[in-house]
J.: 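I'd like to ask you about the structure that follows.
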Amino acid sequence: MKKAWHEARQNLAGGVDSPVRAFKAVGGTPVFMRQGRGPYLYDVNSGRFIDFCLSWGALLFGHADGQTVKAIQHQASLGTSFGTATEHETALAQEIKKAFPGMERIRFTSSGTEAVMSAIRLARGVTNKNRVVKFEGGYHGHADSLLVKAGSGLATFGSPSSRGIPPSLAELTTVLEYNNTEEARRFLRRRGDIACVILEPIAGNMGVIPAHQDFLQALRKETARQGSLLIFDEVISGFRVGYGGAQHLYGIEPDLTILGKIIGGGLPVGAFGGKRRWMDALSPNGKVYQAGTLSGNPLAMAAGLSVLKRLSKDFYKRLNQKSVAFFQEARFVLKKQGEEAVINAAGSMFTIFFSKKAPTHFNEIPVSHHKKFKTFFHKMLECHVYLPPSGFEACFLSTAHGEKELKTTLKALGARSPLKR
Ligand code: PMP
């Protein structure tokens, strides 16, 4: 592993193509994976790990799922990219619309970042306003307008959270506190320059933290009153927490929805969509430009279609029931170990927070959680359980995680106190 890591660093910037893979948050050498099968990942030394990262939530049926692989193989034999209109795009859009009826028109991209970036341009284009409101701890990809942190004091103009972002652009983003209904209401009522409010309705990027119903309701009401668009970033929660995503669970329809991950069956994909009156502003119908050589790529569409065709309310009922039972047992094991830990969950996504109480926003996550998570992560890795390598992430279950794998995981949790060496 050390050799692979050494060589990667000689050739790739920082040794990785996405920073979290470098294990900076947990320390140690990243594990290089070679193969995935069902609930398992196999490293380059043939070590086998039960995977709870699942390509950051993309793999609802686990690794190398038979039907997905077959669909990809079939499509590959017909051609991998045409750069033309295809029927696959329409077919996948139709499947998405069955679950997300508010997405009357859809545009596919090749990543979640691209979809968010394009949705923000669209929101600015149709509202003629410039300000973007987001929430602390939310992640919406690495576009300039979103890599912004709260300025001095919340409800002020944001400042860049990465070098290379012009402060004059970051100033157009405001970062508020997640689940703080009063603050959001006050801010939205005070200003007339807001193009959109974007958030994960069930946050996955500060660990799993679901929004409060009244918070989302207030955002819906105030954005409508202001003539701003409400954007739900469901890149993680869409097709993960249930059929129809978080918006169906809460019964709140945003103006625009962002999807990714699961809808591409593990291939690169993103999508945004919403009411026709907004989406018609996109080029070629309208004046907001957006494009992509590989957008709606036939391989990604085929893989996505093979997944979405199998989904239904019943499918999620089964997956979520299995997940709830697992979380209950995990809570019991952690309690027996005397750990101060809570499990925040939504459907088949969850985070173990080493915290006295369940956090409801970013600043409620204790600093000590990360220190503990680091030890916990390596302990679980020793037991051949692979978790996302950061305490700010969500873990995921798939249909491929059977009783055997879940029992082994509980055993690893309970073997010794995972936090005490
Ligand atoms: N939005 C959310 C909620 C995400 O979790 C992510 C990525 N994890 C993105 C957007 C960006 O997607 P991508 O990494 O495909 O660009």
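Read the numbers this way: they start at 1 and go in the same order the structure lists the ligands and their atoms. Computed over heavy atoms, backbone and side chain alike; hydrogens, waters and symmetry mates excluded.
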J.: Using a strict cut-off of under 4.0 Å between a residue heavy atom and any atom of ligand 1, list the qualifying protein residues by chain and number.
T.: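 Residues within 4.0 Å of ligand 1: Ser111, Gly112, Thr113, Tyr139, His140, Gly141, Glu200, Asn205, Asp233, Val235, Ile236, Lys261.
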J.: Which atom pairs, donor and acceptor, lie under 3.5 Å between side-chain atoms of residues 114-130 and protein residues at least two apart or in another chain?
T.:
from	atom 1	to	atom 2	distance (Å)
Glu114	OE1	Ser110	N	3.0
Glu114	OE1	Ser111	N	3.3
Ser118	OG	Glu114	O	2.6
Ser118	OG	Gln290	NE2	3.3
Arg121	NH1	Tyr289	O	2.8
Arg124	NE	Asn130	O	2.8
Arg124	NH1	Ser145	OG	3.4
Arg124	NH2	Asn130	O	2.9
Thr127	OG1	Ala123	O	2.7
Thr127	OG1	Lys129	N	3.2
Lys129	NZ	Gln226	O	2.6

J.: Do the side chains of Asp43 and Phe32 get nearer than 4.5 Å, heavy atoms only?
T.: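 No - every pair of side-chain heavy atoms lies 4.5 Å or more apart.
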J.: Run the side-chain donor-acceptor check on residues 265-275: report pairs under 3.5 Å with partners two or more places apart or on a different chain.
T.:
from	atom 1	to	atom 2	distance (Å)
Lys275	NZ	Glu253	OE2	2.7

J.: Would you call Lys372 and Glu339 a salt bridge, using N to O less than 4.0 angstrom?
T.: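 No salt bridge links Lys372 with Glu339.
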J.: Can you list the residues that meet the salt bridge (charged side-chain N to carboxylate O under 4.0 Å, His left out) rule with Arg276, with sequence neighbours excluded?
T.: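 Arg276: salt bridge (charged side-chain N to carboxylate O under 4.0 Å, His left out) contacts with Asp280.
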J.: Do Thr86 and Glu89 meet the criterion of a side-chain donor-acceptor pair at a distance under 3.5 Å?
T.: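 Checked: Thr86/Glu89 side chains pair up, N/O donor to acceptor below 3.5 Å.
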